2 protein chains.
Amino acid sequence: MVIASPENAVSPMDLRHLRYFIAVAEEGNIGRAAARMNISQPPLTRQIQQLEAELGVTLFTRTPRGMELTEAGVLFLEEARNIRSVVEQATERTQRAGQGKLGRLDVAIFGSGILDIIPKLLLAYKGRYPDVKIVLHTMHKGEQIEALRQRRISVGFNRILQPTPDITAELVTTEELLLAVNARHPLAQIEVVPFALLADHPLVLFPTGTRPSFIDTAIGLCRSAGFIPKVSQEVGDAVTAVALVASGFGLCLVPESATVLALPGVVYRPLRGVPEPSRVDLSCIYRSDNKSPILEGFLEEVRAFRATAMAPA
Amino acid sequence: MVIASPENAVSPMDLRHLRYFIAVAEEGNIGRAAARMNISQPPLTRQIQQLEAELGVTLFTRTPRGMELTEAGVLFLEEARNIRSVVEQATERTQRAGQGKLGRLDVAIFGSGILDIIPKLLLAYKGRYPDVKIVLHTMHKGEQIEALRQRRISVGFNRILQPTPDITAELVTTEELLLAVNARHPLAQIEVVPFALLADHPLVLFPTGTRPSFIDTAIGLCRSAGFIPKVSQEVGDAVTAVALVASGFGLCLVPESATVLALPGVVYRPLRGVPEPSRVDLSCIYRSDNKSPILEGFLEEVRAFRATAMAPA
DNA sequence: CGATCACCATACCTTAGAAGTATCGCATGG
DNA sequence: CCATGCGATACTTCTAAGGTATGGTGATCG
């Protein structure tokens, strides 16, 4: 007595069956189809018989002139072609995803970086990888690191960083420091402002938030120059700081990319005699165990950007 | 030197790869996935490696705790599940088509058949095979046979038929002959009309078109009864004939199903003393070499219909 | 009207490759 | 530091795909 198995399929259908079926259906003839498939006729006959047995459906009527599709066969031909194209598309999409050309990149950004450099970088990346969807998240440094650990983002941008074993940082570019000053302020009359003069004027500092950050760089520079800066106000981000400068709230040290902020009444002046380090970095951070080809492609773009951005400097 | 083949795929992907991949992705672990697939662990390891090699994409990151999908792997899992369901649906649809449950049935109909019997039959069929799309074509007998030969229709309905080797006819039902007569006509006063009385009144005959047909049956009956019918008019179909009767154009012999035509002023009277054959057949015709499971299902329905329709008679 | 042709089907053999067994390597955790 | 759990590898076994030869059967043509 034969035990009734839930599925009596001796050999489950696979894509070979479909390829062979399509060939036979299109050629209308097993012999020609076999030639097209680079096999001999008998195995093809058997594969078609197997397919019919597996489906429990007669797909062809055998005539002296060849194989003619039944109604069910006509339907199955459509289905088989559809399956073939679905498989092809799945393959291609997966390959593109594996090459970092398709998918999603979650990027954390912050205040002043977003003013000029990050948009340029993202634009360049998007040009090369148009099918990667970039999702931006505004986060402070602490949040960025947390989000990287939780894999909620793939890469973050920041200025000041201390390396950790699980998070790798990579320089994007460095920027000159400039003085943002109200046009009616006395220092606005000087074309190149000596750094030491800042000792006499209150500064707007930013950002408040996770330390250390740009604010510590600014304070450190003042200390190196031998003075303690007078703080007129601490604010959250560069845009707010420059806005305060525009309304006469004092002076502000900014990275040069902040000059895209053309607020009325604000002028930017280069500094002279700035203590080392006189420049400020913009870096990106990502998981050291990164395996994502999408991030890999993005980092390549970052390196290319750094090469072009820092060569003319 | 190795010859560069157009497709470097050593072993093309097949559905087994997808089944295994889905199992591993869902279990997160080759061992459990192997158990689920009723195979041992090593072959599964190899199949996954093959799939990755074939795609050229790493689908899993191997961790000490198991297999974790990469981004490309996540995408491919979606794709694989989609392919699986497309294949399942294709299989099911094809099987249904093979059982005559899915597809299309082209049916040729004619004038008086469509009045009552054919609609009932089609309705019964549609109840049992809801996914077969019935397409109706109005055709005379000659056209029907031509269309059957060209496979433009699968089945046709008609009354008079002479068998041919390639076209099989099958009785659907037989109907009593009735007299359609205007209510103001003298014969309308008689409850059961003796057939011989028709000799004195002009008849509307139908259809014009391919002979022999119902018109020849009617004329034959009159001859058998010993008179030549006076013809008031020949028309194309039963509806027109009865319409003429309604407007006082004469009498008309109709199959009993024509009584659904309740035109004002028309009454139907049974006949008495009708020469043999006193009944008229409704048959369907189809190709003798029929292989279509859809038509097979339809013919079953026809036979069931005949059994119920002729039992009470 | 019979030989031939063009098909598909079957029988039997060969071989590729999928599955099984045993074992290794490696990281993790008591 | 050893036990555990996991994937990878080496080697064997066996299923089933592919090949060769041949049969069977309608259609075609001299």
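Each chain gets a letter, A, B and so on, in the order its sequence line appears, and its residues count up from 1. These figures come from a predicted structure and were not determined experimentally.
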### Query
Counting just side-chain N and O atoms, does B/N29 come under 4.0 Å of either OP1 or OP2 of D/dG5?
no
### Task
Would you classify A/Q50 as touching base, sugar-phosphate or nothing, given that sugar-phosphate means primed atoms plus P, OP1 and OP2, and contacts are heavy atoms under 4.0 Å?
sugar-phosphate
### Task
Check for a donor-acceptor pair, side chain of A/R287 on one end and backbone N or O of A/D166 on the other, with a separation under 3.5 Å.
no
### Atom-to-atom span, CZ of B/R19 to P of C/dA18 - whole angstrom
12 Å
## Note on the structure
Rounded to whole Å, CG of B/L59 lies from P of D/dG7 at a distance of 15 Å
### Message
In whole Å, I'd like the distance from the CD atom of B/E27 to the P atom of D/dG7.
### Response
11 Å
## Note on the structure
note: B/H17, atom NE2; C/dG17, atom P; distance rounded to Å ~ 11 Å
### Message
In whole Å, I'd like the distance from the CD atom of B/E54 to the P atom of C/dA18.
### Response
12 Å
#### Entry: B/F60/B/F21 aromatic ring centres below 6.0 Å
yes
### Message
So if I take every side-chain heavy atom of B/Q47 and compare against C/dC8, D/dG7, C/dA18, which nucleotide ends up nearest?
### Response
C/dA18
### Query
How close or far is atom P of C/dT10 from atom CD1 of A/I48, stated in whole angstroms?
14 Å
### B/R96 bridged to A/E79 by N-O distance under 4.0 Å
no
### Query
Does B/R16 have any salt bridge (charged side-chain N to carboxylate O under 4.0 Å, His left out) partners at least two apart in sequence or in another chain, and if so, which?
B/D14
### Task
Enumerate the residues from residues 33-45 of chain B whose closest heavy atom to DNA chain D is under 4.0 Å, giving them by residue number; use none for an empty result.
B/Q41, B/P42, B/T45
### Task
Start with the C-alpha gap between A/T61 and A/T70, add the side-chain angles, then the distance that decides, and say whether side-chain hydrogen bond (donor to acceptor under 3.5 Å, both in side chains) holds.
CA-CA 6 Å; A/T61 53; A/T70 62; over 6 Å; no
### Summary
Taken to the nearest whole Å, CD1/A/I30 to C1'/D/dG18 is 15 Å
### Task
Under 4.0 Å between any heavy atoms, over every strand shown, what does A/Y20 touch: base, sugar-phosphate, or nothing? Just pick one.
sugar-phosphate
### Message
Can you say whether a donor on the side chain of B/R46 sits under 3.5 Å from an acceptor on the base of C/dG20, or the other way round?
### Response
yes
### Task
Determine, step by step, whether A/D106 and A/R104 satisfy the salt bridge (Lys or Arg N to Asp or Glu O under 4.0 Å) criterion, reporting the C-alpha distance in whole Å, the side-chain angles of both residues, the deciding distance to 0.1 Å, and the verdict.
CA-CA 7 Å; A/D106 286 86; A/R104 164 181 171 144; 2.8 Å; yes
### Message
Would you say B/R62 places a side-chain N or O within less than 4.0 Å of OP1 or OP2 belonging to D/dC6?
### Response
no
### Query
From the list D/dG18, C/dA18, C/dC8, which nucleotide is the closest neighbour of the side chain of A/R16?
D/dG18
### Query
Does a salt bridge link A/R81 with A/E26, judged by any charged N lying under 4.0 Å from a carboxylate O?
yes
### Task
Starting at atom CD of A/E68, determine the distance to atom P of C/dA6, rounded to an integer number of angstrom.
20 Å
### Query
How do A/D14 and B/Q49 order along DNA chain D: which one's closest nucleotide is nearer the 5' end?
B/Q49
### Task
Classify the side chain of B/R65 and the base of D/dG5 as holding, or not holding, a donor-acceptor pair under 3.5 Å.
no
